[in-house]
2 protein chains.
Amino acid sequence: MISCSCDQCEIKSIFFDTISSKSLDFYCAARKELLVEKGTRFIKQGDQIKEFKYLKSGLVKLHKTDSHNREQIISFGNPMDFVNIHNIFGNDVYDYSITALEPSTICSFDIKIIKDLVQTNGAFALKLINTISLSANRIISDSLKIRNHSLYGKVAAVLLFFADHIYVSSEYELPISRKEIAQYTGLSIETVIRSISEFRRDGLIKVFGKRIEIIDKEGLELIYENS
Amino acid sequence: MISCSCDQCEIKSIFFDTISSKSLDFYCAARKELLVEKGTRFIKQGDQIKEFKYLKSGLVKLHKTDSHNREQIISFGNPMDFVNIHNIFGNDVYDYSITALEPSTICSFDIKIIKDLVQTNGAFALKLINTISLSANRIISDSLKIRNHSLYGKVAAVLLFFADHIYVSSEYELPISRKEIAQYTGLSIETVIRSISEFRRDGLIKVFGKRIEIIDKEGLELIYENS
DNA sequence: TCTCAAACATGACAAATGTCACAAAACATC
DNA sequence: GATGTTTTGTGACATTTGTCATGTTTGAGA
C-alpha cells in the first residue's frame, strides 16, 4: 500500500481524491518534509519561487517589510488553510515572508510537478482552485474585519480569531506578542496593551502573560460588533 | 472564422491561448453579454452562484454589508483584473456584492462550462489559477496598504490608486464619492473630505467637484509613505 | 425653473489613538 | 545566580480622528 508518511497531512485531501494510489507513491516520494522551529522564517520576501509548499502542522504568519522597514503582518495560516498559493502561480518571486509561530511541518514539491498535475489532472486542478479561492477569501475577509473596526474591535477580533479558528478554545497560549498584534492591526503597541488591560479590568478576559482566557465571549463579540 | 464579438475581451487571453479556434465558437455561443449602467448592482451578496462572470469593460466595486448594515467597500476591479473568482469556486453563495461604478460590460458563462474546461483543458486551468492568484494578490496587497496607514496615507493611497492603476493619468474624474472613500478606508466622511481639502490647500492636488488633478505626485507619494 | 435630496464642506468640540518617558516582569545568555 | 535585553505595563500629554451642527453646492426629476 502507500508507504507515504503523510497520512494525516491535509494536502492528502487534495491528492487522495484525485490521484490513483499508484501515482500517489510517486508524489509521496517527490515530497520533501521540513520541520521548522518557532521563529524560523522559511519563506523570505524576494526569494525565487521554486517550490509548492504546504503547511502540514503548526501555525505561521505571513508578513512583509514596507519601504520604511516597518514590519507588517498580512495574515495567519494554520494547516487547514495555508498553502503559499497566493504567490506561487501569480509571481515568480515571493512578495511576503512566512515565519513559524509554533513548531511547524512544511511539505514541499517542485513547482513543476504541481503545474504538471494541474495540466494533466482536471480533478486536482479544480480542487486546487477551490483551495486557493477559499484561502484568499479568508484572508480578504479577515483583512476587512481589521480595516473597518476601531481599536477595541480590532483587538477583540484578534483574540476571537485565535479562540475560534486556531485553538477552538476560549483558553489558549497567545502565539504572538503584543507587538505583533500591533503589526497586524496597524495600531501602536501601547494602545494594544492598554486595550487588553481594559478587557481584563472589565472582566471580559483573564490574562497571565501570554495565556488568554476568554471569560465573557458574548461581551467580547459585542465589542467587536460595535467598535 | 470566429464570429464572436468578444475580440477585444480580456478573457480572450485566457481562452485563445488554450482553446482551439473551433471550440472557441462553442464557448462564444455559450457566452452572455450584459451591458450595465453606472450604479447597477449586478451581483448581490447572498445570491446563488450559477455563473462565471467576467468584466469586459468598465469599473466596479466589490462591497458588502456588515451585521450593523454598514456598507464596506472591499476592493475595486477593472477589466484587467476582475473576475468574480474569489467566491465562485470556494462558495456556492456570494458573500459580497458587485456594483458598476461606470458603464460596464459583463460577460458570463454557466459555471458548469468553466468547471468542465478546468477539468478537461490543463492549459486553461493553469491560466485560470494564475489569474485568480494575481487578482487575490492585488486585493490583499491593496487592503494591507489601507490597513497600515493613517488618514493622509489612506486617502493618498486611494487618489494614487485611481491615477496609477485605473486611469493611468494624473487627471481624472473620481468614480466614487467621498462617502465611498470613507467606506473603503474605514474613515469617517468628514475626515476624508477634510483630508482632500488639505491636499488641495497644500497644492498637492486640484479639485473641481469630482475632477481630481494631481499636481505634486511625488509629494503625494511621500505623504503616502510617511503616514 | 423649482424643489428636494444627496453630496460636499467647514467649524467646534469630544473621543480615540499615538508618543514619550519610565518601570517592572519575563527571558535568554553567560 | 548575575547580567543584559526584550516584552509588558502604565501615566501624562499631544495629536489624530470622529461626531454633531450647520450651511452650501450639485444633480435629478417634477
Side-chain angles (χ1 to χ4, degrees), chain A residues 37-40 61 68 70-73 99 101 146-159 173-202 204-213 223-224 226-227, chain B residues 37-40 61 68 70-73 99 101-102 146-159 173-202 205-213 223-224 226-227:
Chain A
E37 56 188 21
K38 185 178 166 171
T40 310
K61 65 173 176 182
H68 280 53
R70 278 177 306 219
E71 196 67 15
Q72 306 183 316
I73 295 180
T99 297
L101 294 173
I146 297 301
R147 236 164 73 190
N148 289 335
H149 286 263
S150 46
L151 171 57
Y152 300 116
K154 289 181 188 189
V155 177
V158 172
L159 297 180
E173 200 77 18
L174 195 62
I176 55 175
S177 66
R178 314 292 194 255
K179 186 178 177 182
E180 286 171 308
I181 297 182
Q183 290 169 344
Y184 180 56
T185 55
L187 298 165
S188 74
I189 304 177
E190 294 91 331
T191 307
V192 169
I193 290 174
R194 249 183 269 273
S195 168
I196 291 177
S197 298
E198 206 157 331
F199 288 163
R200 175 173 45 71
R201 276 195 293 273
D202 293 348
L204 293 160
I205 59 175
K206 281 187 182 170
V207 182
F208 316 93
K210 287 225 189 295
R211 185 145 203 91
I212 300 288
E213 187 185 341
I223 284 178
Y224 165 69
N226 293 317
S227 60
Chain B
E37 55 188 22
K38 185 177 166 172
T40 310
K61 65 174 176 180
H68 279 53
R70 276 176 306 219
E71 195 69 15
Q72 306 181 316
I73 294 179
T99 297
L101 295 172
E102 291 180 352
I146 297 300
R147 236 164 74 191
N148 289 335
H149 286 263
S150 47
L151 172 56
Y152 299 116
K154 288 180 190 191
V155 177
V158 173
L159 297 180
E173 202 77 18
L174 196 62
I176 55 175
S177 65
R178 315 291 195 257
K179 185 177 177 183
E180 286 171 309
I181 296 182
Q183 290 168 344
Y184 180 57
T185 55
L187 297 164
S188 75
I189 304 176
E190 293 92 331
T191 307
V192 170
I193 291 174
R194 251 182 269 273
S195 168
I196 291 177
S197 299
E198 207 157 330
F199 288 165
R200 176 173 43 73
R201 277 194 292 273
D202 292 348
I205 59 175
K206 282 187 183 170
V207 183
F208 317 93
K210 287 225 189 294
R211 182 143 207 94
I212 300 289
E213 186 186 342
I223 284 178
Y224 165 69
N226 294 317
S227 61

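Protein chains get the first letters and strands the later ones, always in sequence-line order, with residue 1 at the start of each.
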- Message: With a 4.5 Å cut-off on side-chain heavy atoms, are A:Ser177 and A:Lys210 touching?
- Response: yes
- Item | End-to-end axis angle, where each axis spans five pairs of the helix from C:dT1-D:dA30 to C:dC30-D:dG1, to 10° | 60°
- Interface residues of residues 147-156 of chain A with DNA chain C (non-hydrogen, below 4.0 angstrom): A:Ser150, A:Leu151
- Message: Among B:Val158, B:Leu151, B:Leu187, which residue satisfies the side-chain contact (heavy atoms from CB on, under 4.5 Å) criterion with B:Val192?
- Response: B:Leu187
- Over 60° means perpendicular and under 30° means parallel, so classify the ring planes of B:Tyr224 and B:His149, tilted if in between. parallel
- Note on the structure: Hits for side-chain hydrogen bond (donor to acceptor under 3.5 Å, both in side chains) against A:Arg201, two or more places apart or cross-chain, chain-then-number order -> none
- Message: With heavy atoms of chain A within less than 4.0 Å as the criterion, where does contact along DNA chain D begin and end?
- Response: D:dT7 to D:dA12
- Query: Is any side-chain heavy atom of B:Ile212 closer than 4.5 Å to a side-chain heavy atom of B:Val207?
  - Reply: yes
- Message: If I take atom CD from residue B:Glu102 and atom CD1 from residue B:Ile176, how far apart are they, to the nearest 0.5 angstrom?
- Response: 11.0 Å
- Give a yes or no on whether a salt bridge exists between B:Glu173 and B:Arg211, defined as a side-chain N under 4.0 angstrom from a carboxylate O. yes
- Message: So A:Ile193 and A:Ser197, do their side chains get closer than 4.5 Å, heavy atoms only?
- Response: yes
- Tell me, which of residues 183-194 of chain B have any heavy atom that sits under 4.0 Å from an atom in DNA chain C? B:Glu190, B:Ile193, B:Arg194
- Query: Is there side-chain contact between A:Ile205 and A:Ile196, with heavy atoms separated by less than 4.5 Å?
  - Reply: yes
- For B:Ile146 and B:Ala157, work out which heavy atoms get closest and say how close. CD1-CB, 4.4 Å
- Should B:Lys154 and B:Ser227 count as side-chain neighbours, where that means a heavy-atom distance under 4.5 Å? no
- How far does CG of A:Leu174 sit from CG of A:Leu101, to the nearest 0.5 angstrom? 10.0 Å
- Note on the structure: Its 5'-most and 3'-most nucleotides having an atom under 4.0 Å from a non-hydrogen atom of chain A, DNA chain C is contacted over C:dT17 to C:dC20
- Can you name the closest pair of heavy atoms from B:Glu180 and B:Ile73 and give their distance? O-CD1, 3.5 Å
- Side-chain contact test, heavy atoms from C-beta onward, threshold under 4.5 Å: evaluate it for B:Asn226 versus A:His68 and give yes or no. yes
- On a heavy-atom basis, the closest approach of A:Tyr152 and A:Phe199 is O-CZ, 3.6 Å
